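Step one of this worksheet: look at the structure below.
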Amino acid sequence: MKQPVRVAVTGAAGQIGYSLLFRIASGEMLGKDQPVILQLLEIPVEKAQQALQGVIMELDDCAFPLLVDVIGTDDPNVAFKDADYALLVGARPRGPGMERADLLQENAKIFTVQGKALNDVASRDVKVLVVGNPANTNAYIAMKSAPDLPAKNFTAMLRLDHNRALTQVAKKTGKPVKDIKKLTVWGNHSPTMYADYRFATIDGESVKDMINDQEWNANTFLPTVGKRGAAIIEARGLSSAASAANAAIDHMRDWALGSNGEWVTMGIPSDGSYGIPEGVMFGFPVTTENGEYQIVQGLEIDDFSQERINLTLNELEEERAAIDHLFS
Ligand code: NAI
């Protein structure tokens with residue numbers, strides 16, 4: 001049996017946490033041969049800590065063979081101690097009357113503290129996934145707050161958008177999701193993201209040629225994927241949780257265990273590829289192998305795509321400008 005690895009999860013008593021933790025503990029994220037220790041963080045509020053204890057009781061009651069230990073805490077330095085993986089799910093939600101700028105500042109406080117704690121106590125190889133919104137900018141803040149850790153260890157979740165896009169293409173073409181290759185989502189996890197099936201194939205055939213409908217792309221596909229989060233809130237009265245947890249599992253599994261040559265989408269600090277300024281936390285097509293990701297290079301960006309990429313990049317640059325004073 002392998003040595004156990006430490007997986008930290010923040011916001012562990014929340015909706016996504018409730019769909020996520022049991023799957024990590026059952027081996028769906030890191031493999032059925034990988035024991036795990038869960039290190040769960042919640043805010044220092046009695047109700048949240050009590051709810052966290054309830055979740056831990058349920059984890060206990062599953063008697064997962066791979067779950068070696070569970071720690072519940074309100075201290076980031078305890079939660080991130082020697083963490084090999086960190087899933088930052090907890091974030092400040094947008095309250096009534098709260099402006100986007102206030103939301104950014106409130107989350108900046110959380111992700112500065114958590115980035116520093118990761119910097120101080122986590123494994124030097126920790127793989128960090130930020131799910132809590134605004135995910136890209138929160139990941140950027142955590143990365144900037146952890147100067148002793150490699151920037152490439154910090155990522156943001158675009159995988160839910162990727163999975164949403166896969167299903168829309170599957171429905172349009174009438175083909176199974178599993179057969180769709182080489183799809184990606186560029187940019188910010190927000191309605192500005194650009195889901196791109198121009199390079200996608202099904203059994204070697206071009207999806208773009210199969211669909212051959214730019215009007216559908218611009219006026220149905222992109223708005224459907226971009227506004228899916230809002231549609232789910234409207235239908236369910238709560239934001240997407242099981243699908244978000246599922247995407248987090250997909251993201252971490254592929255990063256840790258490899259994507260076998262398949263393209264996946266990860267929000268990662270740009271290395272300057274495709275003209276995205278270095279350091280911007282941007283959704284890119286990547287392949288993963290041996291615990292590392294590589295951006296898929298050499299893709300042609302046509303005018304429509306460039307326009308969409310600029311739009312989502314501008315939004316990220318604006319978000320970055322609103323919090324960059326923290327790092328100057
Ligand atoms: P939730 O409100 O049910 O749970 C969030 C939990 O985080 C709460 O229990 C809260 O006490 C905790 N929390 C807040 N601040 C914390 C901190 N500083 N440290 C530790 N815990 C903290 O929310 P839910 O539905 O689980 O969503 C979590 C986040 O994920 C939200 O920001 C949501 O917008 C985001 N999200 C991101 C998606 C993506 O694709 N990137 C998709 C869906 C949701």
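Both backbone and side-chain heavy atoms feed into the values below; hydrogens, waters and symmetry mates do not. Read the numbers this way: they start at 1 and go in the same order the structure lists the ligands and their atoms. For clarity, every value in this text was computed on a predicted model and none was experimentally measured.
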Of the choices Asn107, Val113, Leu158, Ile16, which has the non-hydrogen atom that lies closest to atom 24 (P) of ligand 1?
->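 Heavy atom nearest to atom 24 (P) of ligand 1 belongs to Ile16.
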
Selection from Val130, Ile43, Ile232 by shortest heavy-atom distance to atom 15 (N) of ligand 1 =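 That would be Ile43.
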
What protein heavy atom sits nearest [atom], and how far off is it?
atom: atom 39 (C) of ligand 1; answer: His189 NE2, 3.1 Å
atom: atom 10 (C) of ligand 1; answer: Glu42 OE1, 3.5 Å
atom: atom 18 (N) of ligand 1; answer: Ile110 CG2, 3.4 Å
atom: atom 5 (C) of ligand 1; answer: Gly14 CA, 4.2 Å
atom: atom 14 (C) of ligand 1; answer: Ala91 O, 3.6 Å
atom: atom 25 (O) of ligand 1; answer: Gln15 NE2, 3.0 Å

Kindly work out whether a path of hydrophobic side-chain contacts (I/L/V/M/F/W/Y, heavy atoms less than 4.5 Å apart) joins Ile141 to Phe282.
->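 No, no single cluster joins them.
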
Tell me whether Leu87 is reachable from Leu158 by hopping between hydrophobic residues (I, L, V, M, F, W, Y) whose side-chain heavy atoms are closer than 4.5 Å.
->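 Leu158 and Leu87: one cluster.
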
Just grab all the side chain to side chain donor-acceptor pair (under 3.5 Å) pairs involving residues 221-237, residues at least two apart or on different chains.
->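 Only Gln15-Arg236 qualify under side chain to side chain donor-acceptor pair (under 3.5 Å).
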
Could you tell me whether Lys172 atom NZ has more than 12 heavy atoms of other residues or ligands within 6.0 Å of it?
->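 Atom NZ in Lys172 is crowded, with more than 12 foreign heavy atoms closer than 6.0 Å.
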
Residues, nucleotides or ligands: over 12 heavy atoms within 6.0 Å of Gln297 CD |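 More than 12 within 6.0 Å, yes.
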
Do the ring planes of Trp186 and Tyr274 sit parallel (below 30°), tilted (30 to 60°) or perpendicular (above 60°)?
->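 Perpendicular.
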
Ring geometry between Tyr140 and Phe327 (parallel below 30°, tilted from 30 to 60°, perpendicular above 60°) =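 Ring orientation, 0 to 90° scale: perpendicular.
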
Counting from 1, what ligand 1 atoms have a heavy atom of [X] closer than 4.0 Å?
X: Val89; value: 28 (C), 29 (C), 30 (O)
X: Gly90; value: 7 (O), 13 (N), 22 (C)
X: Ala244; value: 42 (C), 43 (C)
X: Leu160; value: 40 (O), 42 (C)
X: Ser240; value: 43 (C)
X: Ser239; value: 25 (O)
X: Met157; value: 39 (C), 40 (O), 41 (N)

Using links of under 4.5 Å between side-chain heavy atoms of ILVMFWY residues, direct or through other members, which residues join Met98 in one cluster?
->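 Noted: Met98 shares its cluster with Leu103.
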
Kindly confirm or rule out an N or O of [X] lying under 3.5 angstrom from an N or O of ligand 1.
X: Asp161; answer: no
X: Val131; answer: yes
X: Gly11; answer: yes
X: Arg92; answer: no
X: Asn133; answer: yes
X: Ala135; answer: no

Evaluate the 4.0 Å heavy atom contact test for atom 41 (N) of ligand 1: does a protein atom fall under the cut-off?
->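 Yes, there is one.
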
Is any side-chain heavy atom of Phe304 less than 4.5 Å from a side-chain heavy atom of Gln214?
->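 The answer is yes, as the side chains (C-beta and beyond) meet within the 4.5 Å cut-off.
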
Beyond-backbone contact of Asp250 with Val264, side-chain heavy atoms, under 4.5 angstrom |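 Sidechains of Val264 and Asp250: no contact.
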
Is the distance between the ring centroids of Phe284 and Tyr293 less than 6.0 Å?
->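 Aromatic pair excluded; centres sit 6.0 Å or further apart.
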
Ring centres under 6.0 angstrom apart (Trp255, Tyr85) |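 No - the distance between ring centres of Trp255 and Tyr85 does not fall below the 6.0 Å cut-off.
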
Nearest heavy-atom neighbours spanning Leu160 and Ser240 =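 Closest approach of Leu160 to Ser240, heavy atoms only: CD2-OG, 4.2 Å.
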
Ligand 1 contact by Pro93, heavy-atom criterion under 4.0 angstrom |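 No; Pro93 lies far enough from ligand 1 that no heavy-atom distance drops under 4.0 Å.
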
Taking the non-hydrogen atoms of Gln114, is any one of them nearer than 4.0 angstrom to ligand 1?
->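 For ligand 1, residue contact (heavy atoms, under 4.0 Å) with Gln114 is present.
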
Can you find a side-chain donor-acceptor pair between Thr265 and Arg159 that sits under 3.5 Å?
->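 Side chains of Thr265 and Arg159: no pair found under 3.5 Å.
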
